[in-house]
Amino acid sequence: MKAEITSLLQQAIQSLQSDGVLPADVSPNIQIDRTRDKSHGDFACNIAMMLAKPAKMKPRDIAVKIVTILPDSPVVEKVEIAGPGFINFFITANAQTMVVPAILEAGDRYGRSDLGKGKRVQVEFVSANPTGPLHVGHGRGAAYGATVADLLAAVGFDVHREYYVNDAGRQMDILATSVWLRYLGLCGVELDYPGEQDFPSNGYKGDYVWDIAATLHRENADAMQKSWAEISDGLPDDEPAGGDKELHIDALINKAKTLLRDDQYRLVFDLGLNYILDDIRDDLEHFGVTYDEWYSERSLADSGAVMKALERLQASGHTYEKGGAIWFKSSDFGDEKDRVLVRDNGQTTYFASDIAYHMHKMERGFERVIDIWGADHHGYVPRVKAALEALGDDPKKLDVLLVQFAILYRSGEKVQMSTRSGSFVTLRQLRKEVGNDAARFFYVMRKSEQHLDFDLDLAMSQSNDNPMYYIQYAHARVCSVFRQLEEKGLSHDAQNGLAELGQLDTSHEQALFTNLGKYPEVLENAAINHEPHQLVHYLRDLANDFHTYYNAHQFLVEDVAVRDARLSLNQAVRQVLANGLKLLGVSAPESM
RNA sequence: GUCCCGGUAGCUCAGUUGGAUAGAGCAACUGCCUUCUAAGCAGUGGGCCGGGGGUUCGAAUCCUCCCCGGGGCGCCA
């Protein structure tokens, strides 16, 4: 519809240009907007105002000239000039109804497009360290990332979903060491810290660590047992004893590595890693979030990719040595300061891996790379882009989307997020409490860069306060109408329904036609701008229009023409609601 | 100090990328179930769009300076 009007305007403007009425050297960007107010027609164009300056004419005069030579079209009922120079288009009733057969024919493909033209896009999201179960903060990234990926796929991009597994860093060593220490506990070895303390203050203390340790103990009995005397020998004090907790945990890690030697340590390490990774994978799968690839950070180092990245950076001349460390001169590319790549102890930093990772993303030929990070990582963006630029890649190909925190509320009170306290923090617990549908829905209901107040009571409430139920209810109502139809021994002649759509001329039906027609535009906007919340709001609007319609008119009426037509409209509404909910990862129930 | 995000109805938030008279939901008040699901619908009230200045036909939207709230600024990952 938009394209049709755009083409009409193009023809008019071109002929005005060749007649010399309008300057030929301006190539106007014709913009068609849907009107907010029905009295302004269905579509409005502001082109006359845009052309006023270059043409040195009054906007309304230009509008008059355009409108008088505008070619006729079967879809345009009338054209009006209004306000400062808007050209308003009124669509014919017949053209309005055409959206219904279009929807029914396309079915679950309605709204999809080839806007992306099959361009390869990578979406990397969640990528939480495998050191513990996912918490509710990760949940937002998961729901958001999955929906953005699905939206991009829906508008024709070739989407690759990826989870970057940080299986190489110090955090993983801390996990492995924590598991081993818990295992020692199961072997009956007491960690004889001074005072009340019984575990390193920087260790992972969650219950899942005990679970992993139990597996370790079951499979290896006491084979990895060492005495506390061996372990504590030469160990610097932990924080409660007046020492430095970082030094303490690092020394413990080294102890574990030397006492267990490489093969045993690796066993503990991999057991912890795989246990947690399986848990995360399972959690996400139940949440409707799946990946094409789980990309291992360790594999980057193993394959030499990190070294390759460092060499390329060095070759580009943007590195230098200072204080025994190797630095990247990221300040040359707009970062606020330079960053360390290789520490004075010879170890590469996480940043070095990340450069290698992003370099490899580019090498894999993605035309666009989207990283979804927590907003607390925003300071990290400039240095990654700097690295890409230094490597000769185009930093504009990388789009980093930042997701703000989600704050849970229960009975109007903020839920405290402490790992120790009993209040739930994991994604799994949230899913269990409010259900997958509500969790997916509420997570993407707000703009991603907006702090999210996640109201648990609202997510679980079965009332019109809850926008998800409101939308699902609209879908269930349509299904119910068709059930009733059957119970009454009637049937729906779809052919006749489409033929009789002209019967539908109430304001409620008109509103539905318009809104149904908007769906493809909403999808495109939501996808291109990475804003799933646009789809949420649209579906709420559509549901609202339907509920209004439902209350204002009886569908199962005596008049067969009207009944069939209304049922066809019902089908179209159901289809669009189902398509939209599917993209959000939310179910479309047939009854509630 | 600096950088990022936010500030719109009592509350939670939209606002079609600069368009016409700023919109929803909740909360408050008033109506509607012998009818296809009342998990619904209709109606009323409620606004210095944080503040000042600028850009132009036109600003909640863009620029700038302040004010307020949240967050980031490691040889951690």
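Proteins come first, then strands; the chains are lettered A, B, ... in the order of their sequence lines, and each starts at number 1.
Under the 90° criterion around 0 for the glycosidic angle, B:C65 counts as anti.
For A:Asp238 (side chain) and A:Ser201 (main-chain N/O), a donor-acceptor pair under 3.5 Å exists by modelled atom type. With A:Asn46 contributing its side chain and A:Met49 its backbone, the two residues share no donor-acceptor pair below 3.5 Å. Side-chain atoms of A:Thr35 do not come within 3.5 Å of backbone N or O of A:Lys38 as any donor-acceptor pair.
Of the listed nucleotides (B:A14, B:U16, B:C36), B:A14 has the atom at the smallest distance from the side chain of A:His533. Checked against B:G25, B:A39, B:C36, the side chain of A:Arg540 finds its nearest nucleotide in B:G25. Distance from the side chain of A:Tyr469 is smallest for B:A39 among the nucleotides B:A39, B:C41, B:G15. When distances are taken from the side chain of A:Gln31 to each of B:C57, B:U35, B:U17, the shortest belongs to B:U17.
Side-chain contact, A:His547 with A:Tyr470: no donor N or O sits under 3.5 Å from an acceptor N or O. With 3.5 Å as the limit, one finds a donor-acceptor pair spanning the side chains of A:Glu509 and A:Tyr549. Under the 3.5 Å distance criterion, with hydrogens and angles disregarded, a donor-acceptor pair is assigned to the side chains of A:Glu246 and A:Asn202.
Figure legend: A:Arg477 and A:Phe546 shown without cation-pi pairing, the cationic atom not lying both under 6.0 angstrom from the six-membered ring centre and within 45 degrees of its axis. Within the cation-pi definition used here (under 6.0 Å to the ring centroid, within 45° of the axis), A:Arg446 does not qualify as a partner of A:Phe454.
Along RNA chain B, the nucleotide nearest to A:Phe555 and the one nearest to A:Thr35 differ in position, and the one closer to the 5' end is contacted by A:Thr35. Two residues, A:Lys53 and A:Gln450, neighbour RNA chain B, and the one matched to the more 5' nucleotide by heavy-atom proximity is A:Gln450.
Here A:Arg477 reaches the OP1 or OP2 of B:A38: one of its side-chain N or O atoms lies under 4.0 Å away. A close approach under 4.0 Å does not occur between any side-chain nitrogen or oxygen of A:Asn529 and OP1 or OP2 of B:U16.
Between B:U12 and B:C3, the distance separating the two P atoms is 29 Å to the nearest Å. Nucleotides B:U16 and B:U55 have their C1' atoms positioned 23 Å apart, rounded to a whole Å. To the nearest whole angstrom, the two C1' atoms, one in B:C49 and one in B:A42, are 29 Å apart. Across B:A39 and B:C33, the matching P atoms stand 15 Å from one another, rounded to whole Å. Separating the C1' atom of B:G15 from that of B:G69 is a span of 22 Å, rounded to the nearest Å. Atom P of B:C62 sits at a distance of 13 Å from the matching atom of B:U17, rounded to the whole Å. Here, B:A9 and B:A14 have their P atoms 12 Å apart, quoted to the whole Å. With C1' as the reference atom, B:A60 and B:A22 are 8 Å apart, rounded to whole Å.
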Protein-proximity profile, nucleotides 68-77 of chain B, B/S/- by nucleotide at the 4.0 Å heavy-atom cutoff, equals --SBSSSBSB
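Rounded to an integer number of Å, the gap from A:Leu452 CG to B:A14 P is 10 Å. Remark: P of B:G15 and CG of A:Leu535 are 13 Å apart, rounded to the nearest angstrom. Rounded to an integer number of Å, the gap from A:Asp453 CG to B:C13 C1' is 10 Å. Between A:Met50 atom CE and B:C57 atom P there is a gap of 12 Å when expressed in whole angstrom units. With rounding to whole Å, A:His553 atom NE2 is found 15 Å from B:U35 atom C1'. Separating the CG atom of A:Asp33 from the C1' atom of B:G15 is a distance of 13 Å, rounded to the nearest angstrom. In this structure, the CZ atom of A:Arg34 is 18 Å from the C1' atom of B:G23, given to the nearest Å. Taking atom OH on A:Tyr470 and atom P on B:U12, their separation rounds to 22 Å, with Å as the unit.
Nucleotide B:G1 forms a pair with B:C73, judged by Watson-Crick or G-U wobble geometry with both contacts under 3.5 Å. Figure legend. B:C32 is base-paired to B:G40; pairs are counted as Watson-Crick or G-U wobble with both atom distances under 3.5 Å. As the counterpart of B:U21, no nucleotide is assigned, since no Watson-Crick or G-U wobble pattern has both distances under 3.5 Å. Remark: B:G6 base-pairs with B:C68. Criterion, Watson-Crick or G-U wobble with two distances under 3.5 Å.
Taking a centre distance below 5.5 Å and an interplanar angle below 30 degrees as the stacking criterion, A:Phe86 stacks against the six-membered base ring of B:A20.
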Before you tell me yes or no, could you show the steps for A:Asp173 and A:Arg170 under salt bridge (charged side-chain N to carboxylate O under 4.0 Å, His left out), namely the whole-Å CA-CA distance, both residues' side-chain angles and the distance that decides it to 0.1 Å?
CA-CA 5 Å; A:Asp173 280 322; A:Arg170 176 168 170 266; over 6 Å; no
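Listed here is the closest heavy atom pair of A:Asp338 and A:Ser331: OD1-OG, 2.6 Å.
Among the heavy atoms of the strands, none lies under 4.0 Å from A:Thr131.
No hydrogens or angles were tested; on distance alone, a donor-acceptor pair under 3.5 Å links the side chain of A:Asn88 to the base of B:A20.
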